[in-house]
Amino acid sequence: MPSALPDGEPMPDDGALPGHALAAAAGRPLGFYLHVPYCATRCGYCDFNTYTASELRGSGGALASRDNYADTVVEEIRLARKVLGDDPRPVETVFVGGGTPTLLPAADLGRMLAAVREEFGLAPGAEITTEANPDSVDPRYLSELRAAGYNRVSFGMQSARQHVLKILDRTHTPGRPEACVGEARAAGFEHVNLDLIYGTPGESDDDWRASLDAALGAGPDHISAYALIVEEGTQLARRIRRGEVPMTDDDVHADRYLIAEERLTAAGFSWYEVSNWATTEAARCRHNELYWTGADWWGAGPGAHSHVGGVRWWNVKHPGAYAQALGEGRSPGAGREILADEDRRVERILLELRLADGCPLDLLAPAGARAAERARADGLLESGPYEEGRAVLTLRGRLLADAVVRDLVD
């Protein structure tokens, strides 16, 4: 089942933010995340806030219908305009995620984007992305998305091997994601990403190399590669606990990461975040960079999280409760937290250290600064950037990124 929401103070019914949240807003980028919570089937490893048709039957089911979902999201976008008031910023990035956004008609995704454009305006060259399952689109659908204004698409490939896809409960067939890249290019998409997962039980090094080679051969300009995390409460966690499939250990994950770095770098890709590689700076996911650099974004949809000026909030999870709140003229926010300066400092270290640009050493407390010096001596931080006042992970440091971060935030 989807993971639980965090604790926090109640969200005002009108969604109003503290006066300080928009201070100096003009100097921060603004993005929108639009969550589509529907899936045809639930993947065994997924704990995202998503729902299949059978899970939406019963209480709240009518309100949670796909048929009127786009209208509900449009209502939240209009609420965002009221809450942000005369904030003059045009939106620089829009990212539609899920779930499987492309289970909705392309016209619905177009209407959601049109609402952002009408209420806020889009900055010149704005990045407009949607996620898509390979078996949920065809050339016509992609052409309709492109005509609606989408210019970037991210396909969930995960693996090129059928037995790996089966363990993950993915429904597409090997070769379909690669074909989707060609269809997206033909439709006029400027940027195309493929998501990969490594460390699935039963996957071999050769399976992983084959997946990387297949992804590269398709011609995307961005590849994300994530280690499989087995979340409690998922079907995969239950299968591992019953001994039906083996757990993959950290050493295997490290080996697979090194294989990815070697293959992707040789193909002309460069890492810019620990799990993300792009062919050029223009091919990077600018929306994710908003998250990693602490910019502002409004998350619309059930369970979506938002951040504006040091205030973070999250929506109710169930699509029915989400639609009911907006239908009654209330914010769908379930709770919020106002980040103290120390919270924001720590979060900057946590997120920026994962970037190829690293984080400023002057963010570190004395104990963290001593840990950074040890990390540099141990080959976990690059010496050149360190001398220039930045903590930048080496390749070995990327393998141990979580441990390095823990030391630096002390």
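With respect to the salt-bridge test (charged N to carboxylate O, under 4.0 angstrom), the residues D87 and R89 qualify. Between R390 and E382, no side-chain nitrogen of the basic residue sits less than 4.0 Å from a carboxylate oxygen of the acidic one, so the salt-bridge criterion is not met. A salt bridge does not link D378 to R396: none of the charged nitrogens lies less than 4.0 Å from a carboxylate oxygen. We find that R286 and E281 are not joined by a salt bridge, their nearest charged nitrogen and carboxylate oxygen being 4.0 Å or further apart. Ion pairing of R111 with D71 is present here, as a side-chain N (NZ or NE/NH1/NH2) and a carboxylate O approach within less than 4.0 Å. Here R81 does not pair with E118 in a salt bridge; the nearest charged N to carboxylate O distance is not below 4.0 Å. A salt bridge does not link D135 with R176: none of the charged nitrogens is closer than 4.0 Å to a carboxylate oxygen. Note on R376 versus E373: salt bridge recorded, some NZ/NE/NH1/NH2 to OD/OE distance being below 4.0 Å.
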* Asked: Between F95 and F32, does a side-chain contact (heavy atoms from CB on, under 4.5 Å) hold up when you go through it step by step?
  -> CA-CA 6 Å; F95 192 105; F32 261 81; over 6 Å; no
* Starting from the C-alpha separation in whole Å, work towards a yes-or-no answer on side-chain contact (heavy atoms from CB on, under 4.5 Å) for W208 and I197. => CA-CA 9 Å; W208 178 231; I197 289 177; over 6 Å; no
* When you look at L353 and L408, which way does the side-chain contact (heavy atoms from CB on, under 4.5 Å) test go after all the steps? -> CA-CA 9 Å; L353 189 63; L408 266 59; 4.0 Å; yes
* Evaluate the criterion side chain to side chain donor-acceptor pair (under 3.5 Å) for residue pair S159 and S211; output intermediate values, then yes/no. => CA-CA 5 Å; S159 176; S211 295; 3.3 Å; yes
* Asked: Does the side-chain contact (heavy atoms from CB on, under 4.5 Å) test come out yes or no for C285 and R152, once each step is laid out?
  -> CA-CA 9 Å; C285 181; R152 186 175 183 273; 3.5 Å; yes
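Nearest heavy atom pair, residue L84 against residue F120, reads CD1-CE2, 3.7 Å. Here the shortest heavy-atom pairing between L228 and T200 reads CD2-CA, 3.8 Å. Across all non-hydrogen atoms, the minimal contact from V181 to P220 is CG1-N, 4.0 Å. Contact detail for R28 and A24: the closest heavy-atom pair is NH1-O, 3.6 Å.
Rounding to the nearest 0.5 Å gives a distance of 10.0 Å between CH2 of W314 and CZ of R336. A distance of 9.0 Å separates NE2 in H222 from OG1 in T279, rounded to the nearest 0.5 Å. Taken from OG1 in T102 to CG in D138, the straight-line distance is 10.5 Å, to the nearest 0.5 Å. Note: D207 CG to R256 CZ = 7.5 Å, rounded to the nearest 0.5 Å. A distance of 14.5 Å separates CD in Q158 from CD1 in I167, rounded to the nearest 0.5 Å. Rounding to the nearest 0.5 angstrom, the gap separating the CZ atom in R117 from the CE atom in M112 is 13.0 Å.
Using modelled atom types and a 3.5 Å distance limit, the side chains of H305 and Y291 yield no donor-acceptor pair. At a cut-off of 3.5 Å, with distance as the only test, no side-chain donor of E131 or N193 sits close to an acceptor on the other residue. Using modelled atom types and a 3.5 Å distance limit, the side chains of E289 and Y272 yield no donor-acceptor pair.
The local environment of CG in D341 is sparse, with at most 12 non-hydrogen atoms from other residues, nucleotides or ligands closer than 6.0 Å. Summarising the local packing, CD of E262 is surrounded by 12 or fewer heavy atoms from other residues, nucleotides or ligands at distances under 6.0 Å.
With a 6.0 Å cutoff to the six-membered ring centre and a 45° limit on the axis angle, R398 counts as a cation-pi contact of W271.
Aromatic ring orientation, W277 versus Y257: tilted (interplanar angle from 30° to 60°). Relative ring orientation between H307 and W297 is described as tilted, the plane-to-plane angle lying within the 30° to 60° band.
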